[in-house]
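Notes for the one structure printed next.
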Amino acid sequence: MSTILEVTQLTRSFGGLTAVSNVDLTLEQGELVGLIGPNGAGKTTVFNLLTGVYPPSSGTIVFSSPGQTQSLGGKAPYAICRAGVGRTFQNIRLFKQLTVLENVMIAYQQNQRYPLATSFLRLPGFRRAEDEIREGARELLRVMHLDHVADELAVNLSYGGQRHLEIARALATRPTLLLLDEPAAGMNPTETAQLTELIRQIRHDFGLTVLLIEHDMSLVMQVCERIYVLDHGIVIASGTPDEVRANPRVIEAYLGEEVDHA
Amino acid sequence: MEQLAQQLVNGLALGSIYALIALGYTMVYGIIQLINFAHGDVYMVGAYVGYFCMVHLKLGFVESLVIAMAVCTVLGVVIERVAYKPLRKSTRIAVLITAIGVSLLLEYTMMFFVGADTRTYGVLPPFMEQSFQFGGVLVSMKQIIIVGISVLLMVVLQYIVRRTKIGKAMRAVSQDADAARLMGISVDNTISFTFAIGSALAGAAGVLVGVYYNAINPLMGLLPGLKAFVAAVFGGIGLIPGALLGGYFIGASETLVAGYWSSLYTDAVVFAILILVLVFKPTGLLGKNVREKV
Amino acid sequence: MKNSLVRQALMLWLPLVATYVIVLLLVQANIIDAYMQVTLATICINIVLAASLNLITGFTGQFSLGHAGFMAIGAYSTALVSMRWDSVFGFLGGLLLGGVLAALVGFLIGLPTLRLRGDYIAIATLGMAEIIRILLQNFEFTNGAAGLSPVPQYMDWTWFFILTVGSVMLISNFIRSRQGRDAIAVREDEIAAESIGVNTTRSKVLAFAIGAFFGGIAGGMYASYFYVIKPEQFGFLKSVDILVIVVLGGLGSLSGSVIAAFLLAIISTLLQPFPGVRMILYALLLIIIMIFRPQGLLGNRELSLRLLPRFGRRREAAASGTEEA
């Protein structure tokens, strides 16, 4: 097994507020790892740092893809995606006025390039390249059980359908590392169970490493091999689900949250 | 040296007018993130109301100024209620296009009624035609009045924004409209009030310009409006001190370019300043970075 | 497969060629008189202007208020080159040069400003167009405020047809390609587009430069048909004129832009005796469309027989999806 992602002392502050502080995080090739923590712990900020939405204030992010090891800190989001990191968004960011198929095609075509002149003049090769993009995208829709709504507008999809589409779109960028931000949010237990199975399956079929943020503990404890727990921007625990469950600091962090909510 | 001082005095007067208009831009942008394109035309309406009062009703300068400010206040609130309020939830492009529509509507409705010709304020009260010589620098009474009234209005504005309840509401809404609503602030009323104040200042600027240049026309609001917007961007849009800084900077740049180079290029220089600011410090001189939430 | 391709090509080209021939005959028979020819020319120019601005604003979501500036560059290039080399090659060379120069200016202004938020871009492009106009007004070689005339008149119905249909087709081909879909993704959600590997800055600048290119072509068509050009013709109001067409037809609908260009030409002709009223009407049109039908006549959909069954459903969605992230 080899390390695919090595995050060292990752820190990000916004004005006076330190959202993420000295986070160390390692992912091995093929792992499925959970990132959990109470609301506002900085989980999504970690994702945004990993995918270049914000540059880190300090710390390093080293990403290894086959044949290349590179630092991601300070790179533009699109470059990080091209390096092999795909992601979904907690607050669903689909191209709402485009069809489900178009959503996935746009992601898929990033690896299926043809020159501008071909586009303008419909040169030979245009149709074939477009067909490949369309077919590739359709295939991913089948994987995510969305092929029957391919021509619907993304905005008209059910909530669960939109979450599936986010994953399909991320997969279309052909990532080696997939970051899922609360993929089961808003789903009922049956849907969550189906999604859990689907995540396992795509990890296997696409040879992915997966890092996922989740609130649904049953999902996290079921699928994740290892878990990092974040609280107030700091990693307070990490280990197997059983180890994390037994960790007093984790219990405290979560209990504290429940008291706040009461 | 004397020429420089003279240009700076002229720049101060011109800058006061830009600052007054820029304040309205910046307050409205601060509160609903809209470039209120019609703002320059509210200023034009102010100039015409002042003209009507002084020339046709034979009212004094101060009365005319107050009436113009009152009319513009009402106009600003009506524009906001009728044209912008229905679009609170629309895209920014949609509201901006509407603002352009309102701007054209004011310009061409005015033109329809008063014609396209330039009009003059005519003979002013004698005290306003005085001027004073300081060394080699000529300072006219009009310039003193412009700067004086502008400063007075800015002080009043500062007082309203800093010390009154509605001023606090304005600041709260511009920080976070939803949170302000939860705190029991009427967001709609606060936005209307912001338009009211901004428009009153623009109305005052209109009368001052009418007196200063003694020439007004229905399209007079377009260019000064844009330049005042440049001023607001220069200082940092949404920030009241930024609008003042920007207004005086643009005013001074313009008179200096006209004095030392050619008045043909003043507008081009102002827009070049705009593009440079947008490229190198889009948040303006006094602004700080704000990031989009993901 | 092959058969349907042939049928598609026939459905596209047959009506086009028929239109060309019929109008040509009507012009020669003088049934389309001189006055109507001017209107026809204006419509063609406006179609190219609106289609190119729609690419920038409707499809890529970047609000430009400076399209008249690109038009001015194209008009002056065509005029200057064809006045020096008075031949059809001079005309075409000037036209092409105008497009390329406009694209270059678009690229230079777009590269730094397209990183900014939408409304800042609007003001930056407006500023750019004003600078262009002021420079043209003061340069020696552009003959200042008096402008240039007579520009050799090469534009006839054949050229109008070729350039208009060609421009719209090229823009349409771009939109329905990989690069065009990238641009649309930028309009829909910039952060999501970046996250799936779209270089959004590149996409925006590309669309902006292409839009500028065709804006320049439209300017060249204008110069060579109306043979007198002055800086004042390319002011802010011209940019607004173009914007009205795009907004009326629908942001993100090329066929909408074409239909709106015809519609506004008719309105303009009817209002010819009352120039003041025309602008008041335009202003009201902008406000009313934005308040009651922000998606314009066609929304972001294209008018085509193939799409008609889907049309109703999509429109519904477009109406519910006008809020912005």
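In what follows, chains carry the letters A, B, and so on, assigned in the order in which the sequence lines appear, proteins first and then strands, with residues in each chain numbered from 1.
- Contact of B:L222 with chain C is made through the side chain alone, with heavy-atom distances under 4.5 Å.
- With a 4.5 angstrom heavy-atom cutoff, C:L281 does not touch chain B via any of its atoms.
- Most heavy-atom pairs under 4.5 Å with chain C: of the set B:V233, B:I97, B:L105, B:V279, this distinction falls to B:I97.
- One finds the CD1 atom of C:I123 at 4.0 Å from the CD1 atom of B:I35 (value rounded to the nearest 0.5 Å).
- Note that CE of C:M290 is 13.0 Å distant from OH of B:Y84, once rounded to the nearest 0.5 Å.
- No part of B:L34 comes within reach of chain C, as not one of its non-hydrogen atoms sits under 4.5 angstrom from that chain.
- For a residue to count as touching a neighbouring chain, one of its non-hydrogen atoms must lie under 4.5 Å from one of that chain's; by this rule B:A272 touches chain C with backbone and side chain alike.
- Other residues, nucleotides and ligands contribute over 12 non-hydrogen atoms within 6.0 Å of the CZ atom of C:R278.
- Contact of B:F229 with chain C is made through the side chain alone, with heavy-atom distances under 4.5 Å.
- Using a 4.5 Å cut-off between heavy atoms, B:L278 contacts chain C through both its backbone and its side chain.
- Between B:F37 and C:F236, the angle of the ring planes stays under 30°, which puts this pair in the parallel group of the 30/60° scheme.
- With values rounded to the nearest 0.5 angstrom, C:M279 atom CE is found 14.5 Å from B:F112 atom CZ.
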message: Between C:I289 and B:T98, does the side-chain contact (heavy atoms from CB on, under 4.5 Å) criterion hold? Intermediate values first, please.
response: CA-CA 9 Å; C:I289 292 173; B:T98 311; over 6 Å; no
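- Both the backbone and the side chain of B:Q33 come within contact range of chain C, each with at least one heavy atom under 4.5 Å from a heavy atom of that chain.
- Only the side chain of C:L65 comes within less than 4.5 Å of a heavy atom in chain B; its backbone stays farther off.
- Closest heavy-atom contact between B:G101 and C:A283: O-CB, 3.3 Å.
- For the residue pair C:I280 and B:Y108, the shortest heavy atom distance occurs at CD1-O, 3.5 Å.
- Of all heavy-atom pairs spanning C:I134 and B:L264, the tightest one is CG2-O, 3.5 Å.
- To the nearest 0.5 Å, atom OG1 of residue B:T109 and atom CG of residue C:L284 are 7.0 Å apart.
- Considering CD1 of C:I131 and CD1 of B:I275, their distance stands at 4.0 Å, rounded to 0.5 Å.
- Contact check for C:L237 versus B:L104: side-chain heavy atoms found under the 4.5 Å cut-off.
- If you measure heavy-atom distances from C:I109 to chain B, the contacts under 4.5 Å come from the side chain alone.
- For C:L135, the part lying near chain B is the side chain, with the backbone staying farther off; criterion is any non-hydrogen pair under 4.5 Å.
- When heavy atoms are compared at a cutoff of 4.5 Å, B:P86 approaches chain C solely by way of its side chain, counted from C-beta outward.
- B:L96 and C:A122 get closest at one heavy-atom pair: CD2-CB, 3.9 Å.
- No part of C:R133 comes within reach of chain B, as not one of its non-hydrogen atoms sits under 4.5 angstrom from that chain.
- Remark: B:K85 NZ to C:I291 CD1 distance equals 12.0 Å, nearest 0.5 Å.
- Within a 6.0 Å sphere centred on CZ of B:F280, heavy atoms belonging to other residues, nucleotides or ligands number 12 at most.
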